[in-house]
Amino acid sequence: DTTSFSGHAVSMAGVPDQGVGNMWSWMCDDSRMIDAAQMNQQYHVNPPILQGSETVEMAFKGRRDLMLFTTKRLIKVDVKAVTGKKVNYISVPWKSIQCFGVRSAGAWLDKDSEMFIWTSVNDIYYPPRQNDDQPPPIPRMSFLEIDFQKDKVDLMAIHRYLSERCLRLQRGGYLAPEVLVDPALIRPSGSVDKFLEWVGNDARLLPSSQIEQQLKSTNPMLQADEHVGMAYQTGRDMIIFTTKRVLSMDVQGWSGKKVEWKSIPYEAIHGF
């Protein structure tokens, strides 16, 4: 790939890098959103790990580590050792991602939110343990998790971005690498509080048209060409069947502020 790189990465204007935050966030290595345009410039030059036709669209930084969302892949920059001279660069192409989800922070001492990625990389490790015939597996590249500072990352923007990159288009195939995700989709849009208030706790079979309207306006998560077929609620939780995926909402904790959204594309479902 000898194409000259593009300087048109999305600058996260309105979400300036305010540093690592408090001591607790630094100790827990929670990540924050940083300027994608700056990372796009840097990783085309020093070190030049991006292809010429590749563009960084979202970027997150922890204490030392980085995670980049580009037009072609997810890149994890893992800084090792005390000196920081040893660095692992791990690439996961978007086509390798089978499922993804986000979880908001809870109340009180729960100050970080999370993102989850399940991949098709089959490298689960079974460590030998004494007197244990069936040791529990340890997922490595088959499952990725990153913790965020809850007040410095918009989870719904991350979920919308992953939807654009990992879900099939209505006409077939996936979003081409040369096509940037609409910047409006990955800018902050607010919390899910209004959506939870609208749903309430007493519904069972939910009207699909109203759910679709809410998930495209109040809490925008669906793609423009995506539609809700069926939606069900049990207690505080919800499962939604769209034309592209199974979308689950898991409300956790007594306060209900910790909410996990998980998307499972139909292509990733091998049995039911």
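- Without hydrogens or angle criteria, Glu57 side chain to Val181 main chain gives a donor-acceptor distance under 3.5 Å.
- Between the CZ atom of Phe100 and the CE atom of Met115 there is a distance of 11.0 Å, given to the nearest 0.5 Å.
- Side-chain atoms of Val77 and Tyr89, non-hydrogen and from C-beta on, do get closer than 4.5 Å to each other.
- Side chains of Ile240 and Leu206 form no contact here, defined as non-hydrogen atoms less than 4.5 Å apart.
- In terms of heavy atoms, Glu212 sits closest to Val228 at OE1-N, 3.0 Å.
- Rounding to the nearest 0.5 angstrom, the gap separating the OG atom in Ser263 from the CH2 atom in Trp118 is 10.0 Å.
- Pairing each heavy atom of Arg64 with each of Lys61, the nearest pair is O-NZ, 3.8 Å.
- Within the 3.5 Å criterion, the main-chain N or O of Thr55 finds a donor-acceptor partner in the side chain of Thr71.
- Applying the ring-ring contact (aromatic ring centres under 6.0 Å, His included) test to pairs two or more places apart or on separate chains, those with a residue in residues 49-87 are Phe60-Phe69, Phe60-Phe148, Phe69-Trp94, Phe69-Tyr161.
- Within the 3.5 Å criterion, the main-chain N or O of Gly235 finds a donor-acceptor partner in the side chain of Gln233.
- Considering only residues two or more places apart in sequence or on other chains, Asn46 meets the side-chain contact (heavy atoms from CB on, under 4.5 Å) condition with none of them.
- A donor-acceptor contact closer than 3.5 angstrom links the side chains of Gln214 and Thr218.
- The closest donor-acceptor contact from the side chain of Arg32 to the backbone of Gln149 lies at 3.5 Å or more, if one exists at all.
- Side-chain contact of Lys72 with Ser53: a donor-acceptor pair under 3.5 Å is present, judged by distance alone.
- Side-chain N or O atoms of Ser104 include one that pairs as donor or acceptor with a backbone N or O of Lys257 at under 3.5 Å.
- In terms of heavy atoms, Ala59 sits closest to Asp35 at CB-O, 4.5 Å.
- The shortest heavy-atom contact between Asn40 and His44 is O-ND1, 2.8 Å.
- Applying the salt bridge (charged side-chain N to carboxylate O under 4.0 Å, His left out) rule to Asp250 yields no partners; only residues at least two apart in sequence or on another chain are considered.
- In this structure, OG1 on Thr70 lies 3.5 Å from CD on Glu54, to the nearest 0.5 angstrom.
- Side-chain atoms of Asp65 come within 3.5 Å of backbone atoms of Val79 as a donor-acceptor pair (strictly under, hydrogens ignored).
- Here salt bridge (Lys or Arg N to Asp or Glu O under 4.0 Å) pairs that include residues 94-104, with residues two or more places apart or in two chains, are Arg103-Glu114, Arg103-Glu260.
- By the 6.0 Å contact criterion, NZ on Lys76 is open, its count of non-hydrogen atoms from other residues, nucleotides or ligands being 12 or less.
- A side-chain hydrogen bond (donor to acceptor under 3.5 Å, both in side chains) with Lys244 is found for exactly one of Glu226, Gln223, His227, namely Gln223.
- The minimum heavy-atom distance linking His270 with Ala268 is given by the pair CD2-O, 3.3 Å.
- Rounding to the nearest 0.5 angstrom, the gap separating the CD1 atom in Ile158 from the CE atom in Met67 is 10.0 Å.
- The CD atom of Gln213 sits 12.0 Å away from the CG atom of Leu222 when rounded to the nearest 0.5 Å.
- Interatomic distance, Ile146 CD1 to Leu74 CG, rounded to the nearest 0.5 Å: 8.5 Å.
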(message) Under the criterion side chain to side chain contact (heavy atoms under 4.5 Å, CB included), I'd like the reasoning laid out for Tyr43 against Val56: C-alpha separation, chi angles, the key distance, then a yes or no.
(response) CA-CA 9 Å; Tyr43 284 97; Val56 176; 5.5 Å; no

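- Looking at every heavy atom in both residues, Cys99 comes nearest to Pro265 through CA-CD, 4.3 Å.
- Judged as a side-chain contact (heavy atoms from CB on, under 4.5 Å), and not counting sequence neighbours, the contacts of Ser120 are Ser96, Gln98.
- Residues Leu247 and Leu215 are in side-chain contact: their nearest non-hydrogen atoms beyond the backbone lie under 4.5 Å apart.
- Of the candidates Leu66, Ile90, Leu50, Leu50 is the only one forming a side-chain contact (heavy atoms from CB on, under 4.5 Å) with Ile75.
- In this structure the side chain of Ile211 reaches within 4.5 angstrom of the side chain of Met238, judged on heavy atoms.
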Donor-acceptor list for residues 167-180 side chains, cut-off 3.5 Å, not counting sequence neighbours:
residue : atom : partner : partner atom : Å
Arg168  : NE   : Glu267  : OE2          : 3.0

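- Using a distance-only test at 3.5 Å, with no hydrogens or angles considered, a donor-acceptor pair links the side chain of Tyr266 to the main chain of Arg245.
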